[in-house]
Peer 1: 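What follows is a single structure, and I will ask about it in a moment.
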Amino acid sequence: MSDLEPYEGNPMMRSAEISVSFEFFPPKSDQAEASLWAAVERLAPLRPSFVSVTYGAGGTTRERTHATVARIARETAVEPAAHLTCVAATREEVDAVIRDYWQVGVRHIVALRGDPPEGVGARYRPYPGGYESTAELVASAKRIADFEVSVAAYPEKHPESANFETDLDVLRRKVDAGASRAITQFFFDNAHFYRYVDRVRARGFDIPIVPGILPIVNFRQAVNFSKTCGTSVPRWLTDRFEGLDDDLETRKLVAAAFAAEQVFDLVHNGVTEFHFYTMNRADLVYAICRLLGLKPVLEPVPERLVRST
Ligand code: FAD
């Protein structure tokens with residue numbers, strides 16, 4: 001017999017304290033729509049605090065984003081959040097979209113400036129008659145109705161920011177305008193996140209900073225995303241995936257192991273909220289959530305479907 005104390009599990013991991021949210025993008029085809037809904041159906045029973053739907057670069061998915069968000073509001077029990085940008089629309093047009101969201105039951109907006117229609121790296125210019133900054137967009141959503149508003153934050157600073165001070169000034173303006181949560185750009189080295197949170201707290205604001213986690217379904221694609229959004233890819237991470245381009249099975253295991261390492265380290269450092277960039281796929285995100293201790297809660301069978309004996 002062992003005289004070891006029984007292991008009660010990791011006291012840092014109390015699933016009741018962990019909350020997650022999932023980000024999807026609006027589908028472009030019927031097939032993509034089917035995979036999106038399969039992912040939503042698989043992940044929804046994990047009871048996320050919300051699921052969000054992105055707004056296409058250059059404002060290109062207005063209708064599809066709206067349709068997806070409205071369907072989530074109509075057909076699922078999860079709270080939808082609609083991303084909205086300042087790009088390619090006048091203030092009146094953006095306000096009309098915000099009012100439509102309130103009408104269909106959406107109560108949470110992820111307010112963003114967006115990237116220039118010419119693409120990341122091009123100089124950003126406000127659309128004629130449009131919102132000039134995210135802070136203005138946040139203020140407008142709050143003025144129109146009592147929305148919860150989340151905004152973006154950048155642990156490695158936004159690529160356009162000259163320094164962290166400028167970056168944090170912009171975050172400050174968004175918070176002052178009414179944002180109540182910041183969701184970060186994805187990062188692979190948690191040290192960036194910890195330093196960033198310290199910087200934000202040193203500025204005296206206590207808004208929740210929720211880490212955005214990108215499970216690495218496809219390493220090459222993740223590296224490409226990183227280049228456009230200013231996320232650094234550590235050498236040790238590249239080493240882990242090196243030579244695995246044609247070895248899907250090992251790549252998936254390595255990706256799952258890395259994701260587990262990343263979120264466990266965050267939990268051990270006190271993080272309890274996570275935002276997952278799902279890329280409209282459930283498998284890896286579902287597995288990470290299970291590792292975090294979350295279990296699916298199945299909806300009770302509606303009364304009318306219960307057969308009487
Ligand atoms: P802001 O925080 O308003 O500004 C970003 C940076 O721009 C600042 O840090 C600063 O460098 C510079 N800047 C802005 N205003 C000023 C100023 N007055 N003076 C000096 N510098 C200034 N994009 C989409 O198109 N659709 C989406 O659905 C979408 N979802 C996202 C979700 C998350 C969680 C994140 C992190 C990003 C998302 N993005 C999305 C990308 C985002 O639109 C881009 O990163 C964009 O370049 C900046 O948007 P922002 O709201 O973060 O901008």
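Read the numbers this way: they start at 1 and go in the same order the structure lists the ligands and their atoms.
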Peer 1: Of the side chain and backbone of Leu112, name the one, both, or neither that has a heavy atom under 4.0 Å from an atom of ligand 1.
Peer 2: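 Looking at Leu112 and ligand 1, atoms from backbone and side chain both fall under 4.0 Å.
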
Peer 1: Using a 4.0 Å heavy-atom cut-off, say whether His275 meets ligand 1 through its side chain, its backbone, both or neither.
Peer 2: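 None of His275 does.
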
Peer 1: Could you check if a side-chain atom of Phe274 sits within less than 4.5 angstrom of a side-chain atom of Ile183, using non-hydrogen atoms only?
Peer 2: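 The answer is no, as the side chains (C-beta and beyond) never meet within the 4.5 Å cut-off.
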
Peer 1: For ligand 1, which part of Tyr154 has a heavy atom less than 4.0 Å away: the side chain, the backbone, both, or neither?
Peer 2: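 Within the 4.0 Å criterion, Tyr154 contacts ligand 1 through side-chain atoms alone.
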
Peer 1: Just going by heavy-atom distances, which of Tyr55, Tyr131, Phe25, Phe186 is nearest to atom 24 (C) of ligand 1?
Peer 2: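 Of the listed residues, Tyr55 has the closest heavy atom.
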
Peer 1: Take every heavy atom of Lys157, measure it against each atom of ligand 1, and state whether any distance is under 4.0 Å.
Peer 2: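 Per 4.0 Å heavy-atom rule, Lys157 does not contact ligand 1.
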
Peer 1: Before we go on, tell me: are the rings of Tyr101 and His66 under 6.0 Å apart, centre to centre?
Peer 2: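 That pair passes the under 6.0 Å test.
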
Peer 1: Within ligand 1, which atoms have a heavy atom of Lys174 less than 4.0 Å away?
Peer 2: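 What qualifies from ligand 1 is 1 (P), 2 (O), 52 (O).
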
Peer 1: Identify, by atom number and element, the atoms of ligand 1 in contact range of Thr54, meaning under 4.0 Å from any of its heavy atoms.
Peer 2: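 Listed by number with element: 28 (O).
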
Peer 1: Could you list the atoms of ligand 1 found under 4.0 angstrom from a heavy atom of Gln185?
Peer 2: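 So the answer, numbered in order with elements, is 36 (C).
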
Peer 1: Pick one of side chain, backbone, both or neither for how Arg113 approaches ligand 1, counting any non-hydrogen atom pair under 4.0 Å.
Peer 2: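 Answer for Arg113: both.
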
Peer 1: Pull out every atom of ligand 1 sitting under 4.0 Å from any heavy atom of Tyr277, numbered as shown with elements.
Peer 2: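 Numbered from 1, ligand 1 contributes 33 (C), 34 (C), 36 (C).
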
Peer 1: Parallel, tilted or perpendicular: which fits the ring planes of Phe193 and Phe187, with parallel below 30° and perpendicular above 60°?
Peer 2: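 Judged by the thresholds at 30° and 60°, the geometry between Phe193 and Phe187 is parallel.
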
Peer 1: How close do Phe276 and Pro215 get, counting heavy atoms only, and between which atoms?
Peer 2: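 Smallest interatomic distance, heavy atoms only, reads CD2-CG, 4.3 Å.
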
Peer 1: May I ask you to test the Glu261-Asp265 pair for a side-chain heavy-atom distance under 4.5 Å?
Peer 2: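 No; the side chains remain at least 4.5 Å from each other.
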
Peer 1: Over 60° means perpendicular and under 30° means parallel, so classify the ring planes of Phe219 and Phe241, tilted if in between.
Peer 2: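 The rings of Phe241 and Phe219 lie parallel, inter-plane angle below 30°.
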
Peer 1: May I ask you to check if ligand 1 and His158 share an N or O to N or O distance below 3.5 Å?
Peer 2: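 For ligand 1, there is an N or O atom that lies under 3.5 Å from one belonging to His158.
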
Peer 1: In ligand 1, which numbered atoms sit nearer than 4.0 Å to a non-hydrogen atom of Asp167?
Peer 2: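 In order of numbering, the contacting atoms are 9 (O).
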
Peer 1: Out of all atoms in ligand 1, which are within 4.0 Å of some heavy atom of Ala152? Include the element for each.
Peer 2: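 In order of number, 35 (C), 36 (C), 52 (O).
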
Peer 1: Measuring only between side-chain heavy atoms, which start at C-beta, is Tyr127 closer than 4.5 Å to Arg125?
Peer 2: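 Answer no - side chains too far apart.
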
Peer 1: In plain terms, say whether Asp239 and Arg235 are close enough for a salt bridge, that is, a side-chain N and a carboxylate O under 4.0 Å apart.
Peer 2: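 A salt bridge is present here (some side-chain N lies under 4.0 Å from a carboxylate O).
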
Peer 1: Can you tell which of Gly212, Ala82, Ser161 gets a heavy atom nearest to atom 11 (O) of ligand 1?
Peer 2: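 Residue with the shortest heavy-atom distance to the ligand atom: Ser161.
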
Peer 1: Give a yes or no on whether Arg123 atom CZ has more than 12 heavy-atom contacts from other residues, nucleotides or ligands under 6.0 Å away.
Peer 2: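 For Arg123, atom CZ is not crowded (no more than 12 foreign heavy atoms under 6.0 Å).
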
Peer 1: Using distance alone, determine whether Gly114 and ligand 1 share an N or O pair under 3.5 Å.
Peer 2: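 Looking only at distances, the answer is yes, because the N/O contact criterion of under 3.5 Å is met.
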
Peer 1: Given Asp169, Thr134, Thr61, identify the one with the heavy atom nearest to atom 3 (O) of ligand 1.
Peer 2: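 Of the listed residues, Thr134 has the closest heavy atom.
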
Peer 1: Heavy-atom pairs closer than 4.0 Å: do any link ligand 1 to the side chain of Arg173, the backbone, both, or neither?
Peer 2: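 Side chain only; the backbone of Arg173 stays clear of ligand 1.
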
Peer 1: Is any NZ, NE, NH1 or NH2 atom of the basic residue among Asp169 and Lys174 found under 4.0 Å from an Asp or Glu carboxylate oxygen of the other?
Peer 2: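 Here Asp169 does not pair with Lys174 in a salt bridge, since their nearest N and O are not under 4.0 Å apart.
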
Peer 1: Quick one: does Thr85 get an N or O within less than 3.5 Å of an N or O on ligand 1?
Peer 2: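 By distance alone, the answer is no.
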
Peer 1: Side chains of His83 and Ser52 only: does a donor on one sit below 3.5 Å from an acceptor on the other?
Peer 2: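 Short answer, yes.
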
Peer 1: When you check the gap from the basic side-chain N to the acidic O, do Arg203 and Glu165 get nearer than 4.0 Å?
Peer 2: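 Yes, Arg203 and Glu165 are salt-bridged.
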
Peer 1: Have a look at Asp115, Ile183, Thr184 and point out the one with the heavy atom closest to atom 47 (O) of ligand 1.
Peer 2: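 Nearest heavy atom to atom 47 (O) of ligand 1 lies in Asp115.
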
Peer 1: Which class fits the ring pair Tyr154 and His158: parallel under 30°, tilted 30 to 60°, perpendicular over 60°?
Peer 2: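 Answer is perpendicular, since the angle exceeds 60°.
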
Peer 1: Does ligand 1 come near enough to His83 that some N or O of the ligand is less than 3.5 Å from an N or O of the residue?
Peer 2: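 In this structure, His83 places an N or O atom under 3.5 Å from an N or O of ligand 1.
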
Peer 1: Determine, considering heavy atoms only, which of Val170, Val210, Leu84 sits nearest to atom 15 (N) of ligand 1.
Peer 2: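 Going through Val170, Val210, Leu84 one by one, Val170 has the nearest heavy atom to atom 15 (N) of ligand 1.
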
